[in-house]
Amino acid sequence: MDFELRRAREKLEKEQKERKVKARQKLERERKAKQEAIQQREAIEAAQRSKRLDAAEAQLKADQQMEENLRVGRGVVFFRILEAVPYQGLGDKIKLPPSCFTELSDQGAFDKGPMYFQLSVVHHEFSMDNEASGIQNHRTTHCGVLEFTADEGSVALPSHVWNNLFPAVSPSAPLVEVCYVWLPKGTYAKLQPDGIGFSDIPNHRAVLETSLRQHATLSEGDLITVGHGELTYKLRVLQLKPSQSVSVLETDIEVDIVGADSALESRNQPVLKPLVFGKSEVGMVEEGDYSYYKFSIDDETLGKIECGNARIEVKIVTETEDGDTDLYVSRHPLLFPTRHQHEWSSHDVGPKSLILGSKDNILAAGTYSIGVYGFKGKTTFQVSVAVEDIGNQKLGQQATSTSSSLGLDSVECHNCKHYIPSRTIALHEAYCVRHNVPCQHLGCNVVLRVEEAKNHVHCEKCGIAFQRSELEKHMKVFHEPLSCPCGVVLEKEQMVQHQSSNCPLRLITCRFCGDMVQAGTIAMDVRDRLRGLSEHESICGSRTAPCDSCGRAIMLKEMDIHQIAVHQKN
């Protein structure tokens with residue numbers, strides 16, 4: 001009986017203990033579940049709070065961006081990402097698709113004056129970790145707009161804008177962010193040539209001004225391309241005022257041009273090395289290449305030359321036996337004389353000398369260029385420019401010629417055609433016939449020694465006489481056809497005349513804008529051709545300006561006729 005009671009008590013105690021353990025486990029589970037629920041609720045609330053904060057921050061940024069766009073665009077908000085395509089054009093004016101015209105017109109952008117745009121390159125960069133793509137902007141410039149004729153989804157960029165946005169290798173399908181902005185008028189610009197030689201251009205500031213007329217904007221860091229004939233120069237924009245990007249339309253800008261950085265010197269661009277009168281310079285030129293120098297004639301030296309008391313001698317002495325050079329000289333604005341374009345030349349074999357004296361009508365005060373052309377082989381040479389005083393030489397020559405007058409009893413030699421005293425004419429003719437030979441070429445009449453006659457030849461084309469060893473060079477220099485960049489093929493003499501008076505690529509000083517420009521072809525207007533206007537002058541002279549007397553808007557090329565016909569002014 002006691003045993004059964006004890007077992008029943010033990011069983012009861014065991015059941016009670018199990019119920020207590022289960023109750024504790026249940027309470028623990030409920031506590032953990034309640035704790036997890038609280039944590040989940042807190043996590044959800046934190047995520048919702050973070051989303052609300054992010055949304056508020058995004059809205060704030062959007063509002064700020066909208067306000068910035070409104071401020072920058074003066075109330076016009078325009079933003080597009082378009083595919084960039086190049087087109088051949090000057091300046092910085094881009095072409096946009098027609099849909100952009102509608103969007104800008106609806107916002108009244110055309111009523112706010114000239115339109116300017118900020119262009120930024122858009123790069124797609126892929127992350128290897130999460131394979132997610134991001135968008136980053138690099139390289140920014142500004143521009144104007146030319147027309148709205150581009151294909152939808154694309155923007156056409158001229159060379160200037162394209163090269164500034166993509167200075168390295170151009171991508172296959174570049175994306176550009178186009179944003180409408182307002183730019184202040186520029187007041188100051190500091191430019192630096194990307195290489196040397198730009199300052200050698202005569203009136204290079206006027207040339208720069210002509211190039212800037214094709215631009216609507218300038219941005220710091222951009223490269224501007226300036227053309228002068230067949231030469232091109234690049235200038236980097238270092239500083240602008242009053243902001244880093246400015247408008248250059250209808251404004252006067254103070255421009256400072258600083259010296260070129262030596263690290264940026266271009267080896268492909270020809271350079272004029274200065275020469276000092278009376279001092280020679282040593283140089284070297286490869287066959288087919290040019291080496292250039294420059295010197296200046298001031299008013300005092302020009303006065304001596306015009307009076308016949310002095311002359312300029314340009315001399316080249318070749319130091320390489322197998323090499324040969326040609327000498328070309330020109331007066332600015334022709335910077336780099338060549339076989340095609342020059343005003344003086346020398347093609348002698350060996351030392352060469354050019355004399356610029358009072359008989360040269362085109363001689364004037366200014367800067368002159370010397371071109372040393374490598375005709376044969378790699379040649380080392382010495383070039384020098386000197387002012388020679390010839391006043392005393394002229395007096396001595398006059399005295400000699402006066403004292404050497406012929407007597408009255410002289411007789412002409414039948415062989416050499418010289419006048420010899422009659423008492424010695426027989427002896428002279430006997431000696432002259434044995435040792436001297438007159439040239440039989442029509443019009444030459446040069447009397448030569450017998451040993452010299454073998455080397456005396458005449459060109460079959462032009463009849464010029466020279467040594468036989470010079471014949472090959474003469475034929476190659478004067479009678480080998482030359483090709484002008486405009487497409488005309490002529491011999492040397494005709495080519496020099498063509499490029500100085502007829503070539504459309506020749507540089508002239510425009511009588512209306514005063515800049516050095518390419519002449520172009522003949523004017524389309526018959527009246528302009530009668531006035532002697534080139535193609536550029538015909539177009540440039542069509543601009544109007546107010547008459548100083550009556551204030552009427554008159555075309556520049558008609559201003560002189562207007563002054564005579566209306567105001568009776570000569």
Practice problem: Could you tell me whether Arg543 atom CZ has more than 12 heavy atoms of other residues or ligands within 6.0 Å of it? | Solution: yes
### Query
Do Asp222 and Thr141 have a side chain donor and acceptor closer than 3.5 Å?
yes
Between the main-chain N or O of His340 and the side-chain N or O of Thr338, is there a donor-acceptor pair closer than 3.5 Å?
-> yes
Q. In terms of heavy-atom contacts, does NE2 of His414 have more than 12 from other residues, nucleotides or ligands at under 6.0 Å?
A. no
field: Residues, nucleotides or ligands: over 12 heavy atoms within 6.0 Å of Arg552 CZ
entry: no
Check the surroundings of atom CD in Glu480: do more than 12 heavy atoms from other residues, nucleotides or ligands lie under 6.0 Å from it?
yes
Note to self: Pairing donors with acceptors under 3.5 angstrom, does anything connect the side chains of Glu281 and Gln382?
What the structure shows: no
When rounded to the nearest 0.5 Å, the distance separating NZ of Lys95 from OG1 of Thr149 is 5.0 Å
One should read off an interatomic distance between Leu235 CG and Asp194 CG, to the nearest 0.5 angstrom, of 8.5 Å
Rounded to the nearest 0.5 angstrom, the CH2-CD1 distance for Trp162 and Ile94 is 13.0 Å
side-chain contact (heavy atoms from CB on, under 4.5 Å) for Cys416 and Glu429? Distances and angles first, verdict last.
CA-CA 9 Å; Cys416 66; Glu429 286 186 342; over 6 Å; no
Does the pair Gln563 and Ser549 meet the rule for a side-chain contact (heavy atoms from CB on, under 4.5 Å), with working shown? CA-CA 8 Å; Gln563 293 288 346; Ser549 301; 3.9 Å; yes
| said: Within 45 degrees of the ring normal and closer than 6.0 Å to the centroid, is that where the cationic atom of Lys557 sits relative to Phe512? | reply: no
To the nearest 0.5 Å, atom OG of Ser483 lies from atom CG of Leu490 at 9.0 Å
| field | Mutual orientation of the aromatic rings belonging to Phe295 and Tyr368 [parallel < 30°, tilted 30-60°, perpendicular > 60°] | value | parallel
query: Ser154 side chain to Ala150 main-chain N or O, any donor-acceptor pair under 3.5 Å?
result: no
Within 6.0 angstrom of Lys473 NZ, more than 12 heavy atoms from elsewhere: yes
SB check Glu287 Lys376 (cutoff 4.0 Å):
no
Quick check: does any side chain N or O of Glu313 sit under 3.5 Å from a backbone N or O of Arg311, one acting as donor and the other as acceptor?
no
Between Ile420 and Cys413, the two heavy atoms sitting closest are CG1-CB, 4.4 Å
Review point. Does Asn415 reach the main-chain N or O of Asn436 with its side chain, forming a donor-acceptor pair under 3.5 Å?
Key: yes
Side-chain donor-acceptor distances from residues 355-362 under 3.5 Å, at least two apart:
unit_1 : atom_1 : unit_2 : atom_2 : d
Asp360 : OD1    : Trp344 : NE1    : 3.4
Asp360 : OD2    : Gly357 : N      : 2.9

Taken to the nearest 0.5 Å, the spacing of Met524 CE from Thr521 OG1 works out to 7.5 Å
### Query
Would Lys234 and Thr225 count as having a side-chain donor-acceptor pair, cut-off 3.5 Å?
yes
- Query: Can you find a side-chain donor-acceptor pair between His332 and Ser369 that sits under 3.5 Å?
  - Reply: yes
- Is a side-chain N or O of Gln88 found less than 3.5 angstrom from the main chain of Pro158, in a donor-acceptor match? no
So CG of Asp92 and CG of Leu218: to nearest 0.5 Å the spacing works out to 7.5 Å
Exercise for review: Decide side chain to side chain donor-acceptor pair (under 3.5 Å) for Thr318 and Asp324; before the verdict, give the C-alpha distance in whole Å, the side-chain angles of both, and the deciding distance to 0.1 Å.
Suggested key: CA-CA 7 Å; Thr318 303; Asp324 192 14; 4.9 Å; no
Kindly indicate, with the supporting measurements, whether the criterion side-chain contact (heavy atoms from CB on, under 4.5 Å) is fulfilled by Val248 and Leu212.
CA-CA 8 Å; Val248 295; Leu212 288 179; 5.6 Å; no
Taking 4.0 angstrom as the limit, do Glu558 and Arg531 come out as a salt bridge?
yes
Take Leu275 and Ile370, measure what side-chain contact (heavy atoms from CB on, under 4.5 Å) needs, and give me the verdict at the end. CA-CA 10 Å; Leu275 285 178; Ile370 300 173; 3.7 Å; yes
*Is Lys352 paired with Asp326 through a side-chain N to carboxylate O contact shorter than 4.0 Å?*
no
**Q.** Validation row, ring centre Phe375 to ring centre His347 under 6.0 Å
**A.** no
All heavy atoms of Asp528 vs all of Ser538, minimum pair found to be OD2-OG, 2.6 Å
Measure from the side-chain N and O atoms of Thr544 to the backbone N and O of Ala553, and report whether any donor-acceptor pair falls under 3.5 Å.
no
Heavy-atom nearest pair, Leu157 first then Ala84, reads CD1-CB, 3.8 Å
Do the ring planes of Tyr328 and Tyr290 sit parallel (below 30°), tilted (30 to 60°) or perpendicular (above 60°)? tilted
Closest non-hydrogen contact found for Ala189 with Ile253 is N-CG2, 3.8 Å
Note to self: Pairing donors with acceptors under 3.5 angstrom, does anything connect the side chains of Thr301 and Asp298?
What the structure shows: yes
Just say parallel, tilted or perpendicular for the rings of His458 and His456, cut-offs at 30° and 60°. perpendicular
Flag for Glu491-His479: side-chain donor and acceptor within less than 3.5 Å
yes
| said: Whether the side chain of Asn164 engages the backbone of His160 through a donor-acceptor N/O pair (distance < 3.5 Å, no angle test) should be reported. | reply: yes
Is Arg236 reaching over with its side chain to a backbone N or O of Gly221, donor-acceptor style, under 3.5 angstrom? yes
side-chain contact (heavy atoms from CB on, under 4.5 Å) with Cys484: of Gln341, His498, Arg506, only one passes, and it is His498
Check this for me: Lys454, atom NZ, are more than 12 non-hydrogen atoms of other residues, nucleotides or ligands nearer than 6.0 Å? no
**Message:** Using modelled atom types and a 3.5 Å cut-off, is there a donor and acceptor pairing between side-chain atoms of Glu537 and backbone atoms of Ser534?
**Reply:** yes
For Pro337 and Leu335, the nearest pair of non-hydrogen atoms, with its separation, is CD-O, 3.4 Å
In short, Leu146 meets Tyr87 closest at the heavy-atom pair CD2-OH, 3.7 Å
* Asked: Any Lys/Arg nitrogen of Arg449 or Glu451 sitting under 4.0 Å from an Asp/Glu carboxylate oxygen of the other?
  -> yes
| query | Does CE belonging to Met559 count more than 12 external heavy atoms closer than 6.0 Å? | reply | yes
